[in-house]
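So the structure is just underneath, and the comments pick up after that.
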Amino acid sequence: MGQRSERTTDPAEPRAPGDRVDSATDVFVAHRNLLFTVAYEMLGSAADAEDVLQETWLRWVAVDLATVREKRAYLVRIVTRQALDRLRTLGRRRESYIGPWLPEPLLTAPDVAEDVELADSVSMAMLLVLETLAPIERAVFVLREVFDLDYDEIAEAVDKTPAAVRQTAYRARAHVAARRPRGVASPAETRAALGAFLRAIETGDLQQLLDILAPDVVALSDGGGIKHALLRPLVGADKVARLLAAGWWKRGAERSVELVQINGGPGLLVRVDGEVDGVVAVRIENGLITGAYHVRNPEKLSRVERETTVSR
């Protein structure tokens with residue numbers, strides 16, 4: 001009997017479609033949390049970030065991986081371009097939004113707070129600052145300052161020259177520096193301020209509220225036209241304290257409030273009759289609350305009962 005020949009695979013031989021998809025899936029899954037975080041920081045919306053990831057996957061699975069040297073950089077490039085397209089559309093949509101627009105809150109793991117830069121970058125306060133940037137500025141700032149990509153990589157992602165990206169990064173850094181919280185509060189400081197805030201609200205103690213609110217505090221609430229909320233920002237400690245002390249959020253229902261990790265820092269999860277009703281996050285500077293952000297829009301509360309992983 002003749003010897004049975006064994007078939008060997010030629011490295012140059014095209015891979016079966018199923019093998020190519022499996023390989024693309026493995027790479028995509030390995031970087032999925034990073035890609036979600038890039039999209040979320042650019043958009044401020046988990047729902048839109050997930051849509052961007054789906055669009056990124058459809059483009060990624062069509063790529064010949066043998067031609068891609070740096071798979072992480074290639075995926076970041078795709079997700080950035082898709083997020084930029086989505087961001088321009090969202091900008092027009094938000095112009096007709098009812099009342100203040102706030103980012104979609106995320107329940108995050110306690111260990112996110114250990115990465116101070118990551119926690120700061122996904123905080124409600126920072127996402128609101130990023131909203132004031134032009135789309136390209138936001139993309140460049142996020143990729144450079146949070147994910148530490150080099151200028152050449154960013155240039156490919158946003159279709160600009162490296163020199164133009166450097167200038168954009170400089171403008172974006174200056175813009176953010178002028179608006180970001182002055183000094184990052186530790187998780188312990190934020191928890192203490194939130195605890196005092198909650199006790200003051202529950203007791204209706206006006207003076208206690210005035211003691212923890214900065215003179216120029218800004219309160220924003222987002223009901224999306226679906227739930228009762230402030231239709232415009234409320235500015236000043238006296239106005240904010242009087243609103244809270246008057247039982248603004250009680251409305252005669254049975255409420256419970258839980259201290260949780262929201263967007264990398266301590267926040268309050270509010271339930272009414274056992275159902276999630278909203279999330280409160282705060283901005284702390286020098287031990288005082290300078291920003292209070294209350295999200296009640298039910299379309300933005302799907303990510304506050306299960307943890308979302310963010311990474312860089």
Side-chain angles (χ1 to χ4, degrees), residues 33-53 79-80 83-84 86-91 93-94 97 99-109 112-113 115-147 172-173 175-182 184-185 187 190 218-222 224 229 233 260-268 278-285 289-297 299-304 307-312:
N33 292 336
L34 163 73
L35 300 175
F36 172 84
T37 309
V38 171
Y40 177 72
E41 292 201 20
M42 285 184 60
L43 301 169
S45 164
D48 286 300
E50 289 291 356
D51 287 346
V52 163
L53 257 62
V79 85
T80 300
L84 277 170
R86 180 61 61 99
L87 189 57
R88 294 180 181 110
T89 301
L90 290 176
R93 228 185 277 166
R94 287 172 190 169
Y97 195 80
W101 180 94
L102 289 173
E104 182 178 349
L106 306 177
L107 183 70
T108 50
V112 173
D115 184 338
V116 176
E117 288 185 359
L118 177 62
D120 178 54
S121 72
V122 298
S123 70
M124 195 73 73
M126 178 55 78
L127 290 173
L128 284 170
V129 172
L130 294 181
E131 280 293 310
T132 64
L133 291 171
I136 289 290
E137 289 176 335
R138 185 167 185 169
V140 170
F141 182 87
V142 167
L143 295 178
R144 180 64 182 172
E145 301 301 313
V146 182
F147 297 96
R173 274 195 300 269
H175 183 97
V176 170
R179 291 163 178 80
R180 74 189 310 165
R182 295 177 291 278
V184 178
T190 305
V218 177
L220 300 172
S221 62
D222 179 346
V260 294
Q261 288 291 118
I262 294 293
N263 287 60
L268 301 176
V279 164
V280 177
V282 294
R283 168 172 165 163
I284 309 291
E285 297 180 59
I289 294 174
T290 58
Y293 315 115
H294 187 193
V295 180
R296 295 195 70 212
N297 184 346
E299 295 177 354
K300 294 185 177 184
L301 297 175
S302 64
R303 295 265 184 158
V304 297
E307 284 183 2
T308 295
T309 302
V310 293
S311 67
R312 63 189 183 121

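Atom-to-atom distance recorded for Arg94:CZ and Glu131:CD is 4.5 Å, nearest 0.5 angstrom. With rounding to the nearest 0.5 angstrom, the CG atom of Asp120 is 9.5 Å from the CG atom of Leu127. Taking CZ from Arg138 and NE2 from His175, the interatomic distance works out to 10.5 Å, rounded to the nearest 0.5 Å. One finds the CG atom of Leu220 at 5.5 Å from the CG atom of Leu102 (value rounded to the nearest 0.5 Å). Note that OG1 of Thr80 and CG of Leu87 are 11.5 Å apart. Values are rounded to the nearest 0.5 Å.
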- [ ] With side chain to side chain contact (heavy atoms under 4.5 Å, CB included) as the test, would you mind laying out the steps for Val218 and Thr290 before giving the verdict?
- [x] CA-CA 6 Å; Val218 177; Thr290 58; over 6 Å; no
- [ ] Quick one: do Val176 and Met126 satisfy side chain to side chain contact (heavy atoms under 4.5 Å, CB included)? Show the steps, please.
- [x] CA-CA 9 Å; Val176 170; Met126 178 55 78; 4.0 Å; yes
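When the shell of 6.0 Å around CD of Glu117 is examined, it contains 12 or fewer heavy atoms from other residues, nucleotides or ligands.
Of the possible donor and acceptor atoms, none in the side chain of Thr37 sits under 3.5 Å from a partner among the backbone N and O of Val310. In this structure, Arg312 contributes its side chain and Phe147 its backbone to no donor-acceptor pair below 3.5 Å. For the pair Lys300 (side chain) and Asp222 (backbone), a donor-acceptor distance under 3.5 Å is absent. Judged by distance alone, the side chain of Arg179 and the main-chain N or O of Leu128 form no donor-acceptor pair under 3.5 Å. In this structure, Arg296 contributes its side chain and Ser221 its backbone to no donor-acceptor pair below 3.5 Å.
Ala83 and Leu43 make their closest contact through O-CD2, 3.5 Å (heavy atoms, listed as atom of the first residue, atom of the second, distance). Heavy-atom minimum distance, Ser311 versus Leu118: CA-CD2, 4.0 Å. Smallest separation of non-hydrogen atoms from Ala47 and Glu104: N-OE1, 3.1 Å. Closest approach of Val122 and Gly264 over heavy atoms only: CG2-N, 4.3 Å. The two residues Phe141 and Ala172 make their nearest non-hydrogen contact at CB-CB, 4.0 Å. Closest approach of Asn297 to Gly224, counting heavy atoms only: ND2-CA, 3.6 Å.
A salt bridge links Arg303 with Glu50: at least one charged nitrogen is closer than 4.0 Å to a carboxylate oxygen.
Scanning for side-chain contact (heavy atoms from CB on, under 4.5 Å) contacts around Val260 gives Leu107, Glu258, Ile262, Leu269, with sequence neighbours left out. Residues satisfying the side-chain contact (heavy atoms from CB on, under 4.5 Å) test with Ala119, not counting sequence neighbours, are Val112. For Ala125, the side-chain contact (heavy atoms from CB on, under 4.5 Å) partners two or more places apart in sequence, or in a different chain, are Ser123, Pro181, Arg283, Tyr293.
Taking the side chain as every heavy atom from C-beta outward, Val142 and Ser121 never approach each other to under 4.5 Å. Inter-residue side-chain proximity for Val38 and Met42 is flagged as met; some heavy-atom pair is nearer than 4.5 Å.
Applying the side-chain contact (heavy atoms from CB on, under 4.5 Å) test between Phe36 and each of Val52, Leu106, Val79, Thr309 identifies Leu106 as the sole match.
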